[in-house]
Protein chains: 2
Amino acid sequence: MSPQTRERILAIASEMGYVASSAASGLATGRTRTVGVLAPYVSRWFFSRAIEGVDIALQENQYNLMLINLGGYGGNRERLFEHTMLRKQIDALVVLCLGLQPSELEHLHLTEIPLVAVGGPVKGFHQVCIDDYQAAQLATKHLIELGHRRIAQVLGDDKDEVDFAVPKLRDRAFEETLLAAGLRFEPGWELNGDFTVAGGVRAAAQLFDAPGEKPTAVFCASDEMALGVIMEAQRRGIRVPQELSVVGIDNHEFAEAAGLTTVAQNPVEQGRLAADMLIKELDGAVGTVRSVAAPFELLVRSSTAPPSR
Amino acid sequence: MSPQTRERILAIASEMGYVASSAASGLATGRTRTVGVLAPYVSRWFFSRAIEGVDIALQENQYNLMLINLGGYGGNRERLFEHTMLRKQIDALVVLCLGLQPSELEHLHLTEIPLVAVGGPVKGFHQVCIDDYQAAQLATKHLIELGHRRIAQVLGDDKDEVDFAVPKLRDRAFEETLLAAGLRFEPGWELNGDFTVAGGVRAAAQLFDAPGEKPTAVFCASDEMALGVIMEAQRRGIRVPQELSVVGIDNHEFAEAAGLTTVAQNPVEQGRLAADMLIKELDGAVGTVRSVAAPFELLVRSSTAPPSR
DNA sequence: CTGTTAGCGCTTTCAT
DNA sequence: ATGAAAGCGCTAACAG
């Protein structure tokens, strides 16, 4: 038929409220035009931003986004992996960094759909993420170059997620960078902040309450914890950066408003890139999905300064 | 067949990696076991929390969650409404408060699937949300009862979203409560903070930079803006609450850490309740979906105190 | 190049 | 009770 007839028919059809049944076409083609996003949390900054990034790419290509949240209720993990994720439900999957069980990883590979990890290395996966070691090193060096010698650390160690490498990498980078500069950290200056503001507040309280010498700077493995540290410092009248320098990692949306010096990364772009690769792969460009190192940069704002004592 | 045979077969089937094709069963039954969440943003506190709440209910009932993000790219709105949302793609929809065009609302009703709004009144919809007027009134009264007479307002007026009633309700409640107490607001003490931290910072800067008398308290229509106001105050050395009281609405996850006095609401519970009603409705309990007023309460923390001058 | 037909893998109804 | 068969609404391969 002629292109204009085609147009006319399509127009009439849609006017009549006709919409192709996705179930029927899915059955016939084996494609759902839906990609899944497996997330450990949906309301934490990194994850919600990454989801937005994935969504941008999907919308541009008329794909739907199915949210598979592992953070909801523990018991459902099995069902999600064995059922939801399986063939015919989604065409591809982006895995937002998290510690998956080996059996779960195996399950994912069994589905034989294109996969990509975002935000952290997952073994056996192509991934798009920053080099967490270098990012943490950059933040630590910034403190050292300002002249700080007594630096504490707030990291986020999630006991549950044994395989999640991000906190470990940031932790190791901090320690090795300190040692390389001939510094050492005091016992008790390595706190756990759970990657949350509340955790940062707790860690700071612990630090300030401890007897003896205080650090002049704190390296935080995420902005949310850094923000918590700053809030607790303010509550106690400890001036930032005059009495305490604080640096984070992420460039959380609150970081600029709070004047937080941080190593910025962009989860929106990471998610978008990952989804783009997946879509191209689905469109037949075999081998498009590959590992990509995402950019990061130090943003010096007003939470860091040379030590005053 | 016997129940045990049944079990055995099922076990073997799943061992062999068999999973029913959702497309096929969807075609046959007309059900997708998927509910959509229409969100104006995914990374703002209220929305990401509400999504989590919806997700809890869905996971408990073996439903999938399809995220339909309107915030992504403007141009796609039409496609989302005309295509994605239509029959056979999702069984029900939760609409997270936002200003939809009348034509879009009409489209939603045309799908004839169960609908429910969360977080704000949407005309023609059943909804679960707090009474925004009362919530804002409660916050304002708190300031007045502390003795404040000179109160500024930071609201979030989104020009784009003409039909979104939440900011208007909070605004009106503030003004009427002030007038009822015999107070009036200065010209220039009504700022727009866009519902973001950055907007709160800007509004506060504007307020502090203006010549003449300063307010002793600020009512913010959301915690994110209130947090921005506090950060800007701190940057300028204005002490909270001694020199400036700040109250918000929401109980954002940062509110406690920042000591922010606020009127708390719980989007997780709201989303969960909404999804539960939808699921019951789908299970045949016709009439389950109805409007519900969500609870809220004043949480007095350390950002408010009687005025010192 | 247009028009017809055979499935896709389930569910459900109808015979047996 | 169990088993056979008829679609659900598309797509893709085929014949005209």
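Chain identifiers are assigned alphabetically (A, B, ...) following the order of the sequence lines, protein sequences preceding nucleic acid strands; residue numbering begins at 1 within each chain.
- Put simply, CD on A:Q89 is 13 Å from P on C:dC10, counting in whole angstrom units.
- Atom-to-atom, CZ of A:R31 to C1' of C:dC8 comes out at 15 Å; the value is rounded to the nearest Å.
- Comparing C:dC10, D:dG9, D:dA12 by their closest approach to the side chain of A:A28 singles out D:dG9.
- Taking CG from B:D250 and CZ from B:F296, the interatomic distance works out to 12.5 Å, rounded to the nearest 0.5 Å.
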(message) As a quick check of understanding, evaluate side-chain hydrogen bond (donor to acceptor under 3.5 Å, both in side chains) for A:D131 and A:Q134, giving each step before the final call.
(response) CA-CA 5 Å; A:D131 181 325; A:Q134 282 186 33; 3.3 Å; yes

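- Taking atom CG of A:L27 as the reference point, atom P of C:dC10 lies 8 Å away to the nearest angstrom.
- Under 3.5 Å, the side chains of A:D91 and A:T32 contain a donor-acceptor pair of N or O atoms.
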